[in-house]
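Okay, structure first, notes after.
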Number of protein chains: 2
Amino acid sequence: MTTQEGRDAAEAVDSILAALADPTRRQLLNVLAAQGEATATTLAEQLPVSRQAIVKHLAVLDAAGLVSGGRAGREVRYAVRPAALDAAAQWMTALAADWDRRLANIKRIAEAADREQD
Amino acid sequence: MTTQEGRDAAEAVDSILAALADPTRRQLLNVLAAQGEATATTLAEQLPVSRQAIVKHLAVLDAAGLVSGGRAGREVRYAVRPAALDAAAQWMTALAADWDRRLANIKRIAEAADREQD
DNA sequence: CCGATGTGCAACTATAGAGTTGCGCGACAA
DNA sequence: TTGTCGCGCAACTCTATAGTTGCACATCGG
């Protein structure tokens with residue numbers, strides 16, 4: 001594995017959200033998804049930042065599980081990993097559903113309290 | 001509406017991700033979802049930060065469409081809005097699916113190229 | 001009317017992180 | 001072997017923002 005794989009779910013979501021919050025990183029992911037595989041040097045040529053900046057971003061994305069890097073000779077090729085993003089999406093969907101549930105419940109209680117007010 | 005409602009989808013996702021990236025804001029959303037409705041002052045009593053910090057966070061969350069605030073006399077009550085979160089989740093799911101598609105396609109092309117190498 | 005409570009505005013501090021440059025080292029080709 | 005190319009490490013700058021405190025304004029109950 002590239003980095004840690006087994007980890008607390010909340011912590012994983014945390015790192016994924018933090019990683020996706022940066023516009024440059026999202027752009028980086030776009031380019032990477034379009035090409036399938038690329039090195040930091042190659043990516044730096046296509047984005048308006050230095051190679052070192054790309055390297056740091058790739059490290060963050062790698063730690064979040066959004067990309068994985070593999071060495072091929074003297075270069076390191078990175079690729080996108082859909083699984084982590086998918087997991088975060090599921091987490092968000094579940095959270096939204098939970099909010100909906102709570103809101104509906106609270107509304108129900110409020111209405112019941114209103115009826116008792118007579 | 002509380003803030004802007006009609007807006008570019010990418011921009012909306014951007015603000016939502018930025019809003020969710022902060023741990024304190026996520027905690028704030030949790031408390032808010034649990035209570036259904038709360039004021040900045042009430043929330044500040046339950047979280048380890050000042051009321052002003054809460055106010056700023058609520059402003060960010062409001063701009064992202066994740067909460068909405070309504071005035072009730074001299075106090076302002078905030079509530080959670082599941083719709084925005086749900087939209088972001090859908091966006092992420094679609095993106096993950098797109099990555100999967102691209103990866104599969106690239107793999108297919110690579111294998112075809114291999115067969116031509118004879 | 002007056003005290004108490006809740007909001008809003010403003011100035012300020014401090015830390016995280018996005019970006020940079022410079023340099024040394026290992027890997028490849030001629 | 002020598003030059004070139006890509007990577008990794010380190011030090012530094014700078015901006016965004018999370019957090020604070022202080023005060024002024026509005027609203028409610030007595």
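Every chain is numbered from 1 and lettered A, B, ... according to where its sequence line falls, protein lines coming before strand lines.
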**Report entry** Out of D:dA11, C:dT7, C:dG6, whichever nucleotide has its closest atom nearest the side chain of B:Arg74
**Finding:** C:dG6
Query raised in the report: What's the CG-C1' distance between A:Leu61 and C:dG17, to the nearest Å?
Result: 14 Å
Query raised in the report: B:Leu43 has an atom CG; how far is it from atom P of C:dT7, in whole Å?
Result: 10 Å
Query raised in the report: Mind checking whether B:Thr41 and B:Glu45 have side chains closer than 4.5 Å, heavy atoms only?
Result: yes
Report summary line: Walking DNA chain D from its 5' end, the first of B:Ala53 and A:Thr42 to be reached, judged by nearest nucleotide, is A:Thr42
Query - Over all atoms of both residues, closest heavy-atom pair of B:Leu85 and A:Ala96 - result: CD2-N, 3.7 Å
Query raised in the report: When only distance counts, do a donor and an acceptor, one from the side chain of A:Lys56 and one from the base of C:dG17, lie under 3.5 Å apart?
Result: no
Query raised in the report: To the nearest Å, how far apart are B:Gln52 CD and C:dA10 P?
Result: 12 Å
**Report entry** Atom pair distance, as rounded to whole Å: CG in A:Asp22 and P in D:dT15
**Finding:** 17 Å
Query raised in the report: Counting only side-chain N and O atoms of B:Thr41, is one of them less than 4.0 Å from OP1 or OP2 of C:dG6?
Result: no
Report summary line: CD (B:Gln46) and CG (B:Leu28) are apart, to the nearest 0.5 Å, by 9.5 Å
Query raised in the report: Between B:His57 and D:dT17, does any side-chain N or O lie under 4.0 Å from OP1 or OP2?
Result: no
Query raised in the report: For B:Arg77 and C:dT7, what is the distance between atoms CZ and C1' respectively, to the nearest whole Å?
Result: 14 Å
Query raised in the report: A:Leu58 has an atom CG; how far is it from atom P of C:dG19, in whole Å?
Result: 12 Å
**Report entry** Comparing A:Ala72 and B:Thr39 on DNA chain C - which has the more 5′ nearest nucleotide
**Finding:** B:Thr39
Query raised in the report: For C:dA18, does OP1 or OP2 lie under 4.0 Å from any side-chain N or O of A:Arg25?
Result: yes
**Report entry** Rounded interatomic separation in angstrom, taking CG from A:Asp14 and C1' from C:dA16
**Finding:** 14 Å
Query - Proximity to the side chain of A:Arg51 - top-ranked nucleotide from D:dG8, C:dC9, C:dG19 - result: D:dG8
Query raised in the report: Less than 3.5 Å between a donor and an acceptor, one on the side chain of A:Glu75 and one on the base of C:dC28, is that the case here?
Result: no
Report task. State which of C:dG6, D:dA18, C:dG8 makes the closest approach to the side chain of B:Arg71. Result -> C:dG8
Requested in this report: Kindly say if A:Thr24 contacts the phosphate of C:dG19, meaning a side-chain N or O under 4.0 Å from OP1 or OP2.
Outcome: yes
**Report entry** Side chain of B:Val76 - closest among D:dC28, C:dT7, C:dG19
**Finding:** C:dT7
Query raised in the report: Picking from B:Thr42, B:Leu61, B:Val67, B:Leu66, what satisfies side-chain contact (heavy atoms from CB on, under 4.5 Å) with B:Leu32?
Result: B:Val67
Query - Modelled atom types, side-chain donor and acceptor of B:Asn105 and B:Arg102, under 3.5 Å - result: no
Query - Spacing of B:Leu20 atom CG relative to D:dA18 atom P, expressed in whole Å - result: 13 Å
